[in-house]
Every structure is written in C-alpha cells, then in structure tokens.
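As a basis for the values below, the full set of heavy atoms in this structure was taken, side chains included, without hydrogen atoms, waters or symmetry mates.
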Amino acid sequence: MIALAASCAVAGVVAVRAEGRNPNILQEWAGGSRSLTAEVTVTSLSSPVEGPTQAEWGEVSSGLSVRFRAQVSQLQRGKEVLPAAFPVLVFAPDVTETGGPPLGSVVRVSGRWQLAGVGDRVSALVFSDESPATIVAAPDALSWAHGLRRSFVGVASVLPGWGGQLLPGLSIGDTSAVSVELDEAMKASSLSHLTAVSGANCAIVVAIGFALGGVLALRRSARIGLAFVLLVAFVVLVTPESSVIRASVMACAVLVALASGRPAAGLAVLCTVVVALLIADPWLSRDYGFALSVLATGGLLVLTRPLTDLLARIAPRPVAAAFALPLAAQLACQPVLVMLEPTLAVWGVVANLLAGPAAPAATILGLVACLLSAVTPLLAVPIAWAAWVPAAWIAQVAAWFENAPAARLPLPPGLAGVLVTTLALLLVGGLALAVRSQRMLLAKVLAMGVVVVLGGIVGTVVPVAVRDSSTPPGEWVVASCDVGQGDATVLRAGAHVGLIDVGPDEELLTRCLTRLGITQLDLLVLTHFDTDHVGAYAAVVGRVSEVLVGPTDGAADERIVDALSGGGAAVRQVRAGERGKLGEAMEWSVLWPPARGEIEPGNDASVVLETRSAVRGAPDATHPALRAVFLGDLGADAQNRLRRSRLVPADVDVVKVAHHGSKDQSSPLYERLRATLGLVSVGDNDYGHPTASILETLDRVGTSVRRTDLDGIIAVGARAGPAARPADRAGPGRAPLEVWTSGARHSVGGGG
C-alpha cells in the first residue's frame, strides 16, 4: 500500500506539472524558422561539447561550445514577450572560453528551439547563435563556488598527464579537463563513477566534519551541525547534479536520524530519500546518473555482505570482502548500463579493486588544494601534486584495463539486454542471500539457474565477439561507417577506394577504415563543412589523392581545404554535371549543387553523388550495375529542387538517407529513387533521428533500412546472377544485394 501510494503521488505530480512544462506557446513557437530569445536561470554546470553545436535544421555555431540546463523565466519572439517557467537544455558558443555561464546566473539566449522528447528532463533544446549575455550575476555563494572551481582547475592544469586531467573530477566532480581518450579509458574500465560526486564523497565530507568537531571538543549536536554545514557547502561547490542530490539528501537524512537518537538503517533511508526526490521532481527518474547512483547504493547495501559470505567459500574473507564491494555495485547497475552501451566490462571489478583505495586520498587532498587555490595558489600547488599521485594511479589503472584482452564483451542490446542482465542480477543476488540465510535447497536451485543463464550469455557473447573481429566478406562496394552522429561512407572499386565525408571522430573513422583494410584513398568527397561530416579530416590528411568539395564558408572551411591540399591532395570545388571514375569499375557523377547560380553554403549546398559500379562476375557489360545515390544533408526544399532538375535516377539500389534521417525530407524524391536499401548514418542524438516520418516513407516505397546506430558498419555489394527476385524488394533488372553488418543482423532485401 505504501509503494502504491508513493507511485500515485509521483504520477499525480506529473499530471499537475506536465502542462506547465510544455505550455501551448512553446508548442507554437519552437521548431519554426524564426529565432526565439529567452531569459533563463542557469541550473547546472556547463560542459564542453565536441565540435560546433548543430540543430536539426542545420544551423551551426562556430568556436568552442558548451551546454547547460536552465529554467526559462521569459520567452520572446519579435516584439512579443511572455512569462514562462519550464526547463531547457542550452547549446551555445563560449567565445570567451570561461567554461560557460556560472550556476545561478540569469542570462539571455537567442537562437533556434527544438521540442524535446516526451518525458525528457527538459522541455526543449535551445541552439544559441551567440554566447549567452549575462543579465543578473550569480548569487555570491554560487559565484564564489564557480571561481573556486575555476581556480582549482587552473592549478590542476599544471599537473602532467591523465592524472592532472582526472584530479578535479575525483575531488569536486569537474570533468571539464578530461580528454576524450581518458574518458573512454575510464568508461572501458568501469571507473567513470569515480569522477561523479556520490555517497563516498559526501561520507568523506561528513567524516571530516565529525573529525573537526572532535578536535574542537564540540558536543554531539554541534558536531552534527558542523557536518551538515560542511555538507551544504560541499554541494554548492560541486553543484547539485542528480547523483549529488541523492547522496547529499541521504546524508542529511542520516544526520537527522543521528540528531534524534534514532538508528539510521541504510536501505530504509535510501528508499525514503528516493521516493521524496521523485515526488519533488519525477523527471529525475529519466536521469541515468540518478538511476545509477540509486542502484549502486542499493547494491552495496543489499548485496555486499551476502556476496562476501558467498565468495568467502572460495577465498580468504578479506579478499572476498574486497571483491564483493565493486561486484555488488556493478551487478546492481548492469541492467541500466546495458542501455547506455550493450557491453560487459570484464575487468571492471578488478579495476575498481585496484583503483578504489586511491580515490579517498585523491578526493581529500584535492579538496584541500581546491580550498587553498582561492587563498594562496602557491600553497595549493604542492598539495595538488600530492593528490596527483593517487589520481595518476587511477588513470594508469584505467589505461591498463582499457587495453586488456576482451576488455568489453558484447551483450544483447535494448530490452533483451536489460532482461538478461536483470535475470542474472536476481539469480546471483538471490543465490548470495540464500547462502547467507542457510537455505541450501533454494541456493542449489538458484545456482543451477546462474549456470544456465551464464552459459546462455557465453554462448551468445562468444560468437558475437568472433563476428565483431571479422571483416566484411564478399566484394562489397559501399560501406557506411559507424562514426556516431555523423557521416562517413566508403566506396570501393577493386583496389581503388573513395570516401564520402569523414564523420566527427578521428578514432571512430580510423577504426572503421582499419577494419575495412583501407590505408590510402583515391578520392575524398566532403559534401559540406558541418563538423559531423568533416570533423575527422585530420585522420586522412596525407592519405588521399583527390578531394571534391562543395561551397566553402569562411576561414574554418578554408583551413580544412588547405590542410588536405598541404597533404598532397588535389582539391577542387564541384557542381552538378561533373563526372569521373574511381578505378575502372565505378563511375561517379555530381547531381548537386546546381551548376548555375549562387547557393548558400551549408546543408542545402551538400554535394550529392551518384555512383554506378560494375558487378564483379557479370557475364557482360549489359548486366545491371549497382547504382547508389548519396544525399548528404539536403533538406526537403533542396531535395525537391534536385528532383525537378531531372538529374536524379529512378529505381536505384542504394540511397544514403539525407541528414541522418531527419524529418526535413521530400517523399517524392524517395518515391522516384525507390531504392532497395536505405543507409542511415546516425548515432545517439537528441533530435529524434531517424524520425518516424522518413522511416514510414522508406517502408511505403519498398526501401529496406539499415542504420549504423543499430547495425554498426554496413557493407553492401551485389552478386552476379539473374534479376532480383520479388523477395529482394527490388525492381526488375536490379542486381541482387548482399549486405554485411558488424551488428546483430546480417541480411536485408536480396542480401546474402
């Protein structure tokens, strides 16, 4: 009854507050072409965004970018000004490189708006065209904390290597200095939780408060009060993120229980705090950080002792206890972690066992250095060096286990992965509890269940791991690389290789090219100069012979062109009607941008390429060739103009769907193309790509879909033989397709 009442209370709060979070004026104004201006109060720290920010309509801001959450207080469009109250996520350039606006400040943002998904923690995404303008400075306490964080990051910046990058995160949860490589290493080794302020940090602060109270010979109530004050100051310093809120409120509840002389049972406190926080803010339930914080704490409270007893049967009890702690947290969190990445960190428990003891030392010394950095940076530096030692050790452990054999094994993605890992958690947890309570018959049954489930997981994981180390079979012609939210498509004509766009991430591009066995490029096509298409250009500088580009726009685009040219490539700007060959087996022609007239650089100026590839093994030249069209990021208007130009072929084999499957598409264009296969290059995104509308259009015209976020690398070829069968979903006279993916599925249409 209590659980039902709590659930009803949370649902009631959602019902009452949902309309206010999505007012009609927001529904009417957001998503249009006009720029909206708002006054917002910053409610989170700013975090850096890799590359420029990009909205669905393709507008891009240049320079260093940041994102932060905020609460809207006033909304303006033209001369219309209306009061409002709803949360947003702001993406904005940070031209002054200050790390974004301080928490608690009121700023003005102006740009394009996009409605968020149903149930998201924010109502809309704001893509600001310019750096936020401060209207009201942050309150003194928050401003002091912002300055303190910045000064500590400055002190830590003089420390070498990954240890210096990691120290602010370990001490105060500030990960702004953490590089992409270090972040990936921490995630791969299951150590990223150490840079998120949690219960361990709050426990350290409370312990410091009690220790200071003891030194000052304070009474018990005064010690509790001192610990409470220090805890509040710590929360202000590290900012109230979701995991911090959970940990700090739980610590306050324990302090209240101690002050009243009542025992504080950990599980009861956790449940009470979670219910209270969800009633206060039901949208916390959609926050991965909050969910992982709750599950990790619950796992530690419920499973640590039973797992210790279970492991003590095969190892000395101190060793069993050391392993049980990280194992309990990882077991409890795995059903949520599999939604973020469907893999299992094999060495996560061992990595945490080695790195865990160093975390408290780095946290305490880092806090001392942080406080001193505002008073006397000279004194803060040697303390920071002392904190650097355990931080560097943690970073080294992360590096070791990132490159360890079988560091991450694949798990079933989506709901299947959640169900499998939840079942494993219940069986292992139940087995540990049954052994602890001496219910041996139940323990034997659960042990059999554990063996069956683990056997099933191993039977699934091993073939997938073997498959993922393989390379595409057959004579593939087109391969869509998995580069996240971006584009990179490889063309192959015998020994000759071309590449259309390079994606945003050099490492992901290099990984794809290596797996496809590609070292040199005969041709590179940069459809346009948005970061998700050209961000990884440095990975191919000096490795390409010829480069085709569309219209450039400013110095940043010219720098990319100059870098490729300096690497030995012949670079030229192309327009519709130009033709060429990749080797002897593939012909290409440019369909867009128009040969005449000026066109503004950007999405609608994307270079659209058509390719025709001879099918290897075909008996004669009249055998159907594999035809493909690559649409870049063209929007609906440009697509319609392209269709009316009559350059677009009908009934092609492959189409690279425009703009990662955004809703800005022309159905008549896809009806004319009527491709057998549609490739959607897409990654995790806040835009809803690929949208339901384009997927419905493709299904209606008979185009099967492959998408890189689900299928990984997608390689497409054609086999010589009779015209496509009806099952191929291809028109008469087309070459039957063979499709290979590095993901779970292996065939589509007439695939092999």
Salt bridge (Lys or Arg N to Asp or Glu O under 4.0 Å) pairs touching residues 427-436, sequence neighbours excluded, are Asp309-Arg436
Note, [X] side chain near [Y] side chain (heavy atom, < 4.5 Å):
{"X": "Leu277", "Y": "Phe290", "value": "yes"}
{"X": "Leu425", "Y": "Leu331", "value": "yes"}
{"X": "Leu508", "Y": "Cys481", "value": "no"}
{"X": "Leu270", "Y": "Arg246", "value": "yes"}
{"X": "Val450", "Y": "Val428", "value": "yes"}
{"X": "Asp140", "Y": "Trp144", "value": "no"}

Separation between [atom1] of [X] and [atom2] of [Y], rounded to the nearest 0.5 Å:
{"X": "Phe401", "Y": "Ser190", "atom1": "CZ", "atom2": "OG", "answer": "11.0 Å"}
{"X": "Leu182", "Y": "Leu166", "atom1": "CG", "atom2": "CG", "answer": "5.5 Å"}
{"X": "Leu231", "Y": "Ile208", "atom1": "CG", "atom2": "CD1", "answer": "11.0 Å"}
{"X": "Leu191", "Y": "Leu170", "atom1": "CG", "atom2": "CG", "answer": "10.0 Å"}
{"X": "Asp287", "Y": "Ser293", "atom1": "CG", "atom2": "OG", "answer": "9.5 Å"}

Shortest non-hydrogen separation from [X] to [Y] and the atoms involved:
{"X": "Leu509", "Y": "Ala539", "value": "CD2-CB, 4.1 Å"}
{"X": "Pro504", "Y": "Gln485", "value": "CG-O, 4.0 Å"}
{"X": "Asp120", "Y": "Trp283", "value": "O-CD1, 3.3 Å"}

Quick one: list whatever passes disulfide bond (SG atoms under 2.5 Å apart) with Cys333, sequence neighbours left out. none
Sequence neighbours excluded, the answer for disulfide bond (SG atoms under 2.5 Å apart) partners of Cys370 is none
Taking only residues two or more places apart in sequence, or in another chain, which ones meet Ser373 in a side-chain hydrogen bond (donor to acceptor under 3.5 Å, both in side chains)? Ser151
According to side-chain hydrogen bond (donor to acceptor under 3.5 Å, both in side chains), does anything in residues 383-398 pair up with another residue at least two apart or in another chain? List the pairs. none
Considering residues, nucleotides and ligands other than Phe228, do more than 12 of their heavy atoms fall under 6.0 Å from its CZ? no
Please check: side-chain N/O of Arg69 versus main-chain N/O of Thr43, any donor-acceptor pairing under 3.5 Å? no
Contacts of Leu379 meeting side-chain contact (heavy atoms from CB on, under 4.5 Å) (sequence neighbours excluded), chain-then-number -> Leu372, Thr376
